[in-house]
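Chain identifiers are assigned alphabetically (A, B, ...) following the order of the sequence lines, protein sequences preceding nucleic acid strands; residue numbering begins at 1 within each chain.
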Protein chains: 2
Amino acid sequence: MAKSARKYLDAADREQQILEFAIDFVAQRGLRFTTRELADALGVSQPLLYRYFKNRDDLLQKIYDEVYLKRWDPAWNAQLADRSLSIRDRLVRYLTAYTEAILDERWIRIFIASALEDPQITKKYLGLLHETTFPLIFAEVAAEAGVAAPTGHQADELAIEIVWGFHSSFFYMGVRKYIYRNTIPDDLDLIIRARVDVFVSGLVESMPRLEGHIANAGAGR
Amino acid sequence: MAKSARKYLDAADREQQILEFAIDFVAQRGLRFTTRELADALGVSQPLLYRYFKNRDDLLQKIYDEVYLKRWDPAWNAQLADRSLSIRDRLVRYLTAYTEAILDERWIRIFIASALEDPQITKKYLGLLHETTFPLIFAEVAAEAGVAAPTGHQADELAIEIVWGFHSSFFYMGVRKYIYRNTIPDDLDLIIRARVDVFVSGLVESMPRLEGHIANAGAGR
DNA sequence: TCCAGAAATTATCAACTGATAAATTATCAC
DNA sequence: GTGATAATTTATCAGTTGATAATTTCTGGA
């Protein structure tokens, strides 16, 4: 008998089915859903949820785990550091993989909704970017420019900040598409290449002036 | 008698007090608050809310109106177009005013929460950026580069996209601070100048290559 | 075929929630 | 002071909600 035609699923299958369905459901409805609404949409009785999930929060926690799990490939950082390709090509390759992973309705909406509810949930993921990937990208562009990156705490902060601005623009495309419900261009590859070009050109050229910006900090106000 | 010591406020004052309090409250708690929680926090009875607001949704609508109202200064676009200053200076001036308006906990959190709930709410505001400000910024940088901006539908889209990436990085600082609860550098002026520098330098330099990106679209896949 | 055990549903509860009506309390003009 | 009026609270309700217990239905092996 095909599993899909069964009325009584194996416990493991049913749990997986509920979880997958709940991810789509919560992505659409946000965190204000009720357990009855979820059960009705899935076509099972509401108490059945409590056979597989201790309570509503337990279900949400498992949703977060499932959505964030395995969306981050540790190989990305190694590839970014691989100087056999130009920094432009490396950034294009990384951003192609990164956007493929995160420009997903469920991922974007659940990420934002969960962060709004409790920033702790997304902290680990964001820490990975902030502590590892961003310093790496800045350092690699600095190497491309043939300039020593400016040093000091304020310079480090500014460097991270510049990369944040660049990097977040791709995540933000997901926000525009799946939260604002705007249309975004469908040729993502074109946009990645154009933005990488603007970013690398700009950072290479302005890198020598960064020290100056720091020195002038606060002077103009 | 000072109004703050009164027990029975004038209707207009009470309505304003509830609305202001509710804005802070909803910014913190999100849209899952109950009318009792709001009333308790404010120190009034729950039915009192219904004297001033028809129902829960009516209160939310008035919150949105109050938060989004007058956060957008129509003079900004005119200033961006005023070529008596360099494009860098104009962008710095604009972004200083813009960030001052929107890097506010209530604004950021209610903007995101309401967009997540119903994208219609933020549509008008975002349309203003997309239709008016972004094309203007791109055109002004093109003029700075002394290059005719590339033409055609795809070029327009790409141009808007590049500016989206730049512009959104400032809004996104608010997301980082008030939603992710990350620390962001306190010297905003420094960041604005550095990012404007990277952006203008990069766009001026890569502008002549944009046509090439478009021509190559899809070729590399 | 039949039944033991697992899977799912029905029935139910206490607490919560948005909303309304009735009763109470403060304010102010006279 | 006093009473008319507006502001606020208390009491209350019907529908909802998360969760549990009791009951029923299905599945697969002997």
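If you check every strand for non-hydrogen atoms under 4.0 Å, A/R14 touches sugar and phosphate atoms only. Using a 4.0 Å heavy-atom distance criterion, A/F53 is classed as making no nucleic acid contact.
Between B/L9 atom CG and D/dT9 atom C1' the separation is 15 Å, expressed in whole Å. Residue B/I18 contributes atom CD1, which lies 13 Å from atom C1' of D/dT9 at whole-angstrom precision. Rounded to an integer number of Å, the gap from CG of B/D40 to P of C/dT17 is 11 Å. Look at CG on B/L49: it is 14 Å from P on C/dT17, rounded to the nearest Å. Rounded to whole angstrom, the span from the CD atom of B/E37 across to the P atom of D/dT17 amounts to 15 Å. The distance from atom CG of A/L48 to atom P of D/dC26 is 15 Å, rounded to the nearest whole Å. With rounding to whole Å, B/D13 atom CG is found 13 Å from C/dT27 atom P. The interatomic distance linking A/L59 (CG) with D/dT17 (C1') rounds to 15 Å, in whole Å.
In this structure, B/Y68 and B/Y64 have parallel ring planes: the angle between them is below the 30° cut-off, well short of the 60° mark.
Note on B/R32: every side-chain N or O is 4.0 Å or more away from OP1 and OP2 of C/dT17. Note on B/R6: a side-chain N or O is less than 4.0 Å away from OP1 or OP2 of C/dC28.
Nearest to the side chain of A/S45, among C/dT9, D/dT27, D/dT17, sits C/dT9. With distances taken from any side-chain atom of A/K7 to the nucleotides D/dT27, C/dC28, D/dT8, the minimum falls on D/dT27.
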* Structure fact -> Under a 4.0 Å heavy-atom criterion, the protein footprint on nucleotides 19-24 of chain D, written with B, S and -, is BB----

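A/R93 places a side-chain N or O within 3.5 Å of a backbone atom of A/Q79 that can act as its donor or acceptor partner.
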* Using the salt bridge (charged side-chain N to carboxylate O under 4.0 Å, His left out) rule, take A/R195 and B/E161 through it: C-alpha gap first, then chi angles, then the decisive distance, then the call. => CA-CA 9 Å; A/R195 279 197 189 152; B/E161 208 53 38; 3.2 Å; yes

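The salt bridge (Lys or Arg N to Asp or Glu O under 4.0 Å) contacts involving residues 107-122 of chain B comprise A/R32-B/E117, where partners must be two or more places apart or lie in separate chains.
Under a cut-off of 6.0 angstrom, the local environment of NZ in B/K62 is crowded, with over 12 non-hydrogen atoms contributed by other residues, nucleotides or ligands.
Each of A/Y125, A/F166, A/F111, A/W164 was compared with A/F171 under the ring pair (Phe, Tyr, Trp, His ring centres under 6.0 Å) criterion, and only A/F111 meets it.
Using a cutoff of 4.0 Å between basic side-chain nitrogens and carboxylate oxygens, B/D197 and B/R88 are scored as salt-bridged.
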